[in-house]
Chemist: 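Let me give you the structure first, and then I'll get to my questions.
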Amino acid sequence: MGFDLHINALSKSFWVGSESIPVLDNITLDIKEGEFVSIVGHSGCGKSTLLKIIAGLVEYSAGTVLCGGQDLRESDVHRGMIFQDHRLLPWLTVAENIGFGLYGLAEQEKQGRIREHIELVGLKGFEKAYPHQLSGGMAQRTAIARAFVHKPDILLLDEPFGALDALTRIQMQDEVLKIWEQQKTTMILVTHDIDEAIYLGDRVVINTNRPASIKKIFTVDLARPRERTGHYFSLLKAQIMQEFFDSKKRDPEYYL
Amino acid sequence: MGFDLHINALSKSFWVGSESIPVLDNITLDIKEGEFVSIVGHSGCGKSTLLKIIAGLVEYSAGTVLCGGQDLRESDVHRGMIFQDHRLLPWLTVAENIGFGLYGLAEQEKQGRIREHIELVGLKGFEKAYPHQLSGGMAQRTAIARAFVHKPDILLLDEPFGALDALTRIQMQDEVLKIWEQQKTTMILVTHDIDEAIYLGDRVVINTNRPASIKKIFTVDLARPRERTGHYFSLLKAQIMQEFFDSKKRDPEYYL
Amino acid sequence: MALETGKEKQISRRISLTGLVNLANNGIVPLTLIFCWWYLSSSEIFPPILMPPLTKIWSAFTKNLTNGLLAKDLISSLSIVLQGYIGGSLLGLTAGILMGIFPRVKRLFDPVLNGLRQIPPLAWIPLLILWFGIGDASKVILIITGSFFPVLLNTVNGITGVPQGLLEFAKLYKIKKRDILLRIYLPGALSSIFVGLRLGASTAWMSIVAAEMIAATAGVGYRINDARNLMQSDVVIVYMILIGCIGGIMDFVIKAIARYVLKWQRA
Amino acid sequence: MALETGKEKQISRRISLTGLVNLANNGIVPLTLIFCWWYLSSSEIFPPILMPPLTKIWSAFTKNLTNGLLAKDLISSLSIVLQGYIGGSLLGLTAGILMGIFPRVKRLFDPVLNGLRQIPPLAWIPLLILWFGIGDASKVILIITGSFFPVLLNTVNGITGVPQGLLEFAKLYKIKKRDILLRIYLPGALSSIFVGLRLGASTAWMSIVAAEMIAATAGVGYRINDARNLMQSDVVIVYMILIGCIGGIMDFVIKAIARYVLKWQRA
Amino acid sequence: AGKSSPTGAGEAAKVVRIGYVDSGKSFPNDALAIAIDKGFLKAELDKAGYQLEAIPFTGAGPAINEAIAGSSIDMASSGDVPVTIAKSNGVDTVLVAAEVGFNDAALVVPKDAGVTSIQALKGKKVATLKGSYMHKSLADMLTANNLTINDIEFVNMTSQDAAAAIISKTVDAAVLSAVQEAQIVKSGHGVILLSGADNPEWKGSHGIIARSAYAQANKEAVTAVVSALIQAGEYAKANSQEAITILEKSGYPLEALALLFPDQKIDFNVVAGDAAKKAFAGVANFLFANELIRDKPDLDQWIDSSYYQEASKAIKK
Ligand SMILES: Nc1ncnc2c1ncn2[C@@H]1O[C@H](COP(=O)(O)OP(=O)(O)OP(=O)(O)O)[C@@H](O)[C@H]1O
Ligand SMILES: Nc1ncnc2c1ncn2[C@@H]1O[C@H](COP(=O)(O)OP(=O)(O)OP(=O)(O)O)[C@@H](O)[C@H]1O
Ligand SMILES: [Mg+2]
Ligand SMILES: [Mg+2]
């Protein structure tokens, strides 16, 4: 079955006190099955909200979000998400957290998969640690492993590598790519690292400030594996940077 | 009064289950008053633990940490910290969180300072929002404002800009520098962004993997404001990268 | 899951249709109970002397209302219950905060308090009479002992549940003791404390019967005992309902305060 | 703040000196109370017939111990208390979980339950005798009504306090209902639930006196009533202490279970 | 559970469930004690083909009334005041016998209070339990001394609590039942000002009641019980010494029994007919006068002496 995503004229606002704050404004975006889309935008512009809407966790007020032709809220497509806050269960160990919700597998296979993913994110030796015993980056890696282990059809990644050091980050990026290629997962990545957005994405979506609308979409026409220091790469990066830093002038009231 | 920091042969281990995990191993580091030290190291190596020890929040088992010649635990030096998890009080608004603990000021001055810092981190309009109504980056910026508003003598920054987009991040870095120059605050910054470490630090401390010991210290001999694309900068970055990525070979059992 | 946009929210607020639905919902269970009672009592499956028909209950109610007994009993009991409840809650809150913050204090008093907590109010009466006489003091103290413990245990639980991270922050930023208490511990413990306050209020009401065994001449507890002695089950039931309603109102007030104080959770 | 390194921790575990200190600490308050009692009763400031000297209390204890009355009463009451307590807790837990998870259920039952909660156990006796006779059923039901509410309120509070983020995770990852309940709601609500269980246990003990006013021939509540009748204040006090101790032990067991179940918090 | 046997009709397990006031040891403290202990009751019930189930009530009068009304018991031996209250509130019982005037109540004052006459209690606090036979005794004592209940400050307390109040001197006087009375006197905390010893009419009675439906369907059982009580009364009169030993099993201390039965003369006075009527008319008048009941019961209809007569006949044979 196909599950292309069609986001059409999506709007959303939140209440803060007695004020209604528009967060998403008329977002239209089509994402094909198996595509890798990176989203960048300034802090607080509404990226997480967009991901949560796609995940079916937040209601929206105007527009439609279709998944495989079906209203997203009724859609049964297997979605996964790496939340910005890791959302591990404090009372489960690393291994238990990763294996939680992994149904329909024989115990041995399940344990095998958990072990494999713990190794994947470099947490061997911490299987029995509880979340409060982990460092920030380790908790984030646990959440990554938890998302991967479920092999979702659509994976939403909300700044998944924000707390990781450069090296671990690169390793994780390559793991994501590997999984994406193997499993044909549709991936939607929110990141603040423009390098990362280009390195991973088929397209890079740049949002405006709050309320987020789509400012520009860049298509990354580079074969993988990509060379981070290549010419086209750098050029694209410069363009995106340009677009990104520019927003200051257009929206002066927003301090940046 | 002087409050140079002298960390001498500091070691620390944690219990996970029945296993004792060494986290800091024989760390010796002197930090002069008013210095800006960046610390980089792999995820989970013990950076946050080191900062918390300097903050007096975590006990250590071996070694000494002196602050102005006094045992750190008895020292009364005004320390501030931006925690990796933001630690805002959920029941206080942004403005209240920033102003919390700001004693000894007239109400008007206090409100002025709060307003000023809210603007500094670009949260104007969100004064009355509660933490759960903020985006990840906005919460982090609130925590930054809270740390700044107290004007501490020593400021410990634990990945303070991890959730910020490139532009906001650069703005914040410059604000930190401004404050550092104006107030002669001693700053100790943990970051995963090597660019950032070089851009801000007088020295860049590179830790080994867990248990963290000091692998190498680079002195950044560059006048401020620094040019991120300058030659020396790039050279230093390459060296640090080299040192950083290298650790894989030395510590093969740690997956990276 | 309701749509949460501005317009809808405002509209639903104005016409408050959901409010009406809620009210109807709220009514379903009480009405069902009343219907069951009506059915069981009017079909005389059970002897009416123990399960009087609604009409009898109603006339007992109007009678006690018009002759002023109801008001007199209520005022008399309310004054005692409120005194005891406020005293017990304040004590429970204070002790709970101390025991929650200082593990030593907890360790010191825990065993005795956990023992005392179990002892039925009735058993205290002779000692209370001995120590505090037969006046209101004894009654108030009995109520205090009743409402103290639910508040205490819930406060301790709330206080110890305050995230360690926030306390570390407070330590580092040299937050004043007063602010640590009032703006970190208390808000963090509040939702648990309110459960304690609600349970404490009902325990206070429950202890009023035992309390008003001590030389009372009026009061809902007194009247229930009296009516039970005199086999006026209609009066007993009127007063049960009365206690239920007044207690329910107190509970509603406490919940309203809780909602107000905890508004940040829903903001 | 103790040093938390491996060596120290192990050592202190082995010789358990802190354990001894704790024990001494635990003893301070009870011993003080006993001393006060001894002083007040032996100096005869208060009439010994209401405040019997320790020796008299002790001999009443040994007497009731040797003639088997104590054991008989204890077994009889324990059986009722445990039945009622387990029943009340399970009901409270179930209802609390349902009401905590489904706001509709809560809205439906809240008003009635909040009213019923206030009604003193004694007032139920006539209806209980009518509906359930004078056997153990009535007694057990009285205990159930007592222990139900503390568990209920604390469970609801615990359940509603489970972070929304975890539930969103569960929704997204299609966690099974059973796991959402057993591995998200329950662990998150547990510390609050245990407060409810502890309060429920003491309310169960407190209701035993009222319960055993219904045609009992043994039991601690029965004995307290009768000893009061016969003005044997030494026996009353023996049984108060007994209830305190047994209740305290139950409390200790519940706390131990809580510590075990919540061990992840301290891991 | 308790609502087990239906109204008693039919061949269902032939038992008679008798409720009585528990005064401490789950053993009755009236003629029923003797009837049980000496086997009269068992013998009579065996003859009639019934089994005995004697059920003690710590909750005393009210609990017994509720159990009767809820058909949890069939018969009861309970205080005159509660049985009258039950009847007047519509609990369908018959009074099949009475034990008239053996329940003592006494007006007690703290020892060193210097109160020597009931007149001195004008305006003072006098404690007793509202709606109990002690309440009636107090009213009678006051009337006999040309006082009314309004001349004193009535303090409502159970006898146990009133005793504690006397000991701690927080009330000026109290009307106590025999057990507390004895304890207070024995411990030296109080002295008796007035008691039923010299004025038997102040004493309280017991009523032996049966649910009407049960009585109708189980005449033999009720008769057997009454018969056993009559025999017990006679036995106690003849063997007072031994009767007192039996009554001690109820938990009553010897001192209390001494007060109840001065000179060890036991007379439970098990009667029916006019003697019972007289006693219960007094109770009904007292209750009505003090607004404790809304209607006076029709004693002629309530008191059914046929069982007593039947039993007496059988005994004489
Ligand atoms: N309370 C604790 N109990 C047990 N182990 C802990 C505790 N806190 C930290 N650790 C362990 O100490 C090690 C270092 O943690 P720390 O938070 O200092 O890492 P870090 O360098 O800040 O990592 P990151 O960059 O991921 O934040 C980790 O292995 C972690 O599991
Ligand atoms: N539950 C909520 N209630 C009210 N406002 C909210 C809520 N959640 C988010 N917002 C607001 O919506 C806006 C967008 O939030 P969102 O988390 O989507 O931003 P973001 O793009 O992910 O930012 P960041 O990069 O900082 O994570 C913010 O202004 C935030 O204050
Ligand atoms: Mg976000
Ligand atoms: Mg860290």
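Atoms considered below: every heavy atom in the structure, side chains included; atoms not considered: hydrogens, waters and symmetry mates. Per chain, numbering begins at 1; letters A, B, ... match sequence-line order.
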Chemist: Begin with the C-alpha distance, continue with both residues' side-chain angles, and end with the deciding distance and a verdict on side chain to side chain contact (heavy atoms under 4.5 Å, CB included) for S192(D) and V195(C).
Modeler: CA-CA 10 Å; S192(D) 192; V195(C) 173; 5.8 Å; no

Chemist: Which side-chain hydrogen bond (donor to acceptor under 3.5 Å, both in side chains) pairs, counting each pair once, include a residue from residues 121-133 of chain C, with sequence neighbours left out?
Modeler: none

Chemist: Examine whether an atom of I249(C) lies under 4.5 Å from a heavy atom of chain D, and if so say whether it belongs to the side chain, the backbone or both; otherwise answer neither.
Modeler: neither

Chemist: Could you pull out the closest heavy-atom pair between A123(C) and V236(D), with the gap in Å?
Modeler: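 Between these two residues, the closest heavy atoms are O-CG1, 4.4 Å.
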
Chemist: Is there a side-chain contact between Q118(D) and I208(C), using heavy atoms and a 4.5 Å cut-off?
Modeler: no

Chemist: When rounded to the nearest 0.5 angstrom, what is the spacing between CD1 in I241(C) and CG in L116(D)?
Modeler: 10.0 Å

Chemist: Starting at CG of D110(D), measure out to CG of D251(C) and round the result to the nearest 0.5 Å.
Modeler: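 Between atom CG of D110(D) and atom CG of D251(C) there are 7.5 Å.
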
Chemist: Can you tell which of I224(C), V209(C), L108(C) has the highest number of heavy-atom pairs within less than 4.5 Å of chain D?
Modeler: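 Most heavy-atom pairs within the cutoff with chain D belong to L108(C).
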
Chemist: Taking side chain as everything from C-beta outward and backbone as N, CA, C, O, which of these in I246(D) sits under 4.5 Å from a heavy atom of chain C? Side chain, backbone, both or neither.
Modeler: neither

Chemist: For the CG atom of N114(C) and the CZ atom of F252(D), what is their distance to the nearest 0.5 Å?
Modeler: 10.5 Å

Chemist: I need the residue from T160(D), N154(D), L127(D) with the largest number of non-hydrogen atom pairs under 4.5 Å to chain C.
Modeler: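 Most heavy-atom pairs under 4.5 Å with chain C: N154(D).
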
Chemist: Within this structure, what is the CD1-CZ distance for the pair I28(C) and F109(D), rounded to the nearest 0.5 Å?
Modeler: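 Between atom CD1 of I28(C) and atom CZ of F109(D) there are 9.5 Å.
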
Chemist: For P111(C), is it the side chain, the backbone, both or neither that has a heavy atom under 4.5 Å from a heavy atom of chain D?
Modeler: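 Contact with chain D is through the side chain of P111(C) alone.
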
Chemist: Which region of A201(D), side chain (C-beta onward) or backbone (N, CA, C, O), has a non-hydrogen atom less than 4.5 Å from a non-hydrogen atom of chain C, or is it both or neither?
Modeler: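 Backbone only.
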
Chemist: Would you check if L153(D) and R198(C) make a side-chain contact, meaning some heavy-atom pair closer than 4.5 Å?
Modeler: yes

Chemist: Go through F194(D), W205(D), Y239(D) and name the one with the most non-hydrogen pairs under 4.5 angstrom from chain C.
Modeler: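 Of the options given, most contacts go to W205(D).
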
Chemist: About how many Å separate CG of L199(C) and CZ of R117(D), when rounded to the nearest 0.5 Å?
Modeler: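 Answer for the CZ-CG pair, R117(D) versus L199(C), is 6.0 Å.
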
Chemist: Which atoms of S191(C) come close to chain D, meaning under 4.5 Å heavy atom to heavy atom: side chain ones, backbone ones, both, or neither?
Modeler: both

